[in-house]
Amino acid sequence: AQSVTQLGSHVSVSEGALVLLRCNYSSSVPPYLFWYVQYPNQGLQLLLKYTSAATLVKGINGFEAEFKKSETSFHLTKPSAHMSDAAEYFCAVRFQGAQKLVFGQGTRLTINP
Amino acid sequence: EAQVTQNPRYLITVTGKKLTVTCSQNMNHEYMSWYRQDPGLGLRQIYYSMNVEVTDKGDVPEGYKVSRKEKRNFPLILESPSPNQTSLYFCASSLIGTSGYNEQFFGPGTRLTVL
């Protein structure tokens, strides 16, 4: 079955450290891939999306994600965490032939001073 | 400003009292969708609509109804709310096209508590 998995429901890093949030999908055909961020008491905001132009995608706020077809992954990274990055992050996938977005379970990112 | 609006933002009600959560978008999007967000479960789709008068069930439709009489509006109706419908609800919209890259735009959310 087609699915999306985010490893780690909670991730905690120190300010200035590398952020790595993992997302894997299950599909024989590469889907359309998105990362959304949800700040406290707000809706979801698009961070970035994979458009097949390049495997490394740059998004807002210094985040980027790399599509690896062989690993069926689309992990989100940021070289240096900032306190304002504390939020919940969702990987979302649109499988080929579908309009629906399927969301991972979400990863709550905490930044320690 | 392009946006999706939802009302109310917060609602506390009692079991069995019918309620409607409104959703409106000003981007002329064909596709609209309702999700509920619960801890550890991510966002799950309740209902969606591909265009006016075209709606279909998502993954968790039980206890909900929707309608799409106008392109911009997509209200969510709970005819007899129960405590297990206490959740955070999001409305979203997007274009439909040959490309699958169209992102969904989300409303600010409605936090519903059913006592």
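Numbers restart at 1 for each chain; the letters A, B, ... are given by sequence-line order, proteins then strands.
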So which of B/Ala92, B/Ser33, B/Gly42 has the biggest tally of heavy-atom pairs under 4.5 Å with chain A? B/Gly42
Could you check which of B/Gly109, B/Gly107, B/Pro108, B/Gly58 has the highest count of heavy-atom pairs closer than 4.5 Å to chain A? B/Pro108
Kindly compute the distance separating OG (B/Ser94) from CG (A/Leu101), expressed to the nearest 0.5 Å. 7.5 Å
To the nearest 0.5 Å, how far apart are CZ in A/Phe103 and OH in B/Tyr35? 5.0 Å
Under a 4.5 Å heavy-atom cut-off, does chain B meet the side chain of [X], its backbone, both or neither?
| X | value |
| --- | --- |
| A/Phe95 | neither |
| A/Gln99 | both |
| A/Gln6 | neither |

How far apart are the closest heavy atoms of B/Gln37 and A/Phe90, and which atoms are they? NE2-CZ, 3.2 Å
Evaluate side chain to side chain contact (heavy atoms under 4.5 Å, CB included) for B/Tyr31 paired with A/Lys100, printing each intermediate quantity in order. CA-CA 9 Å; B/Tyr31 184 87; A/Lys100 170 183 174 178; 4.3 Å; yes
Is the shortest side-chain heavy-atom distance between B/Glu103 and A/Tyr32 below 4.5 Å? no
Does the pair B/Leu88 and A/Gln38 meet the rule for a side chain to side chain contact (heavy atoms under 4.5 Å, CB included), with working shown? CA-CA 13 Å; B/Leu88 180 58; A/Gln38 183 183 25; 4.0 Å; yes
Please flag which part of B/Arg44 lies under 4.5 Å from any non-hydrogen atom of chain A: side chain, backbone, both or neither. neither
Treating B/Arg111 as the side-chain partner and A/Asn41 as the backbone partner, does any N or O pair qualify as donor plus acceptor under 3.5 Å? no
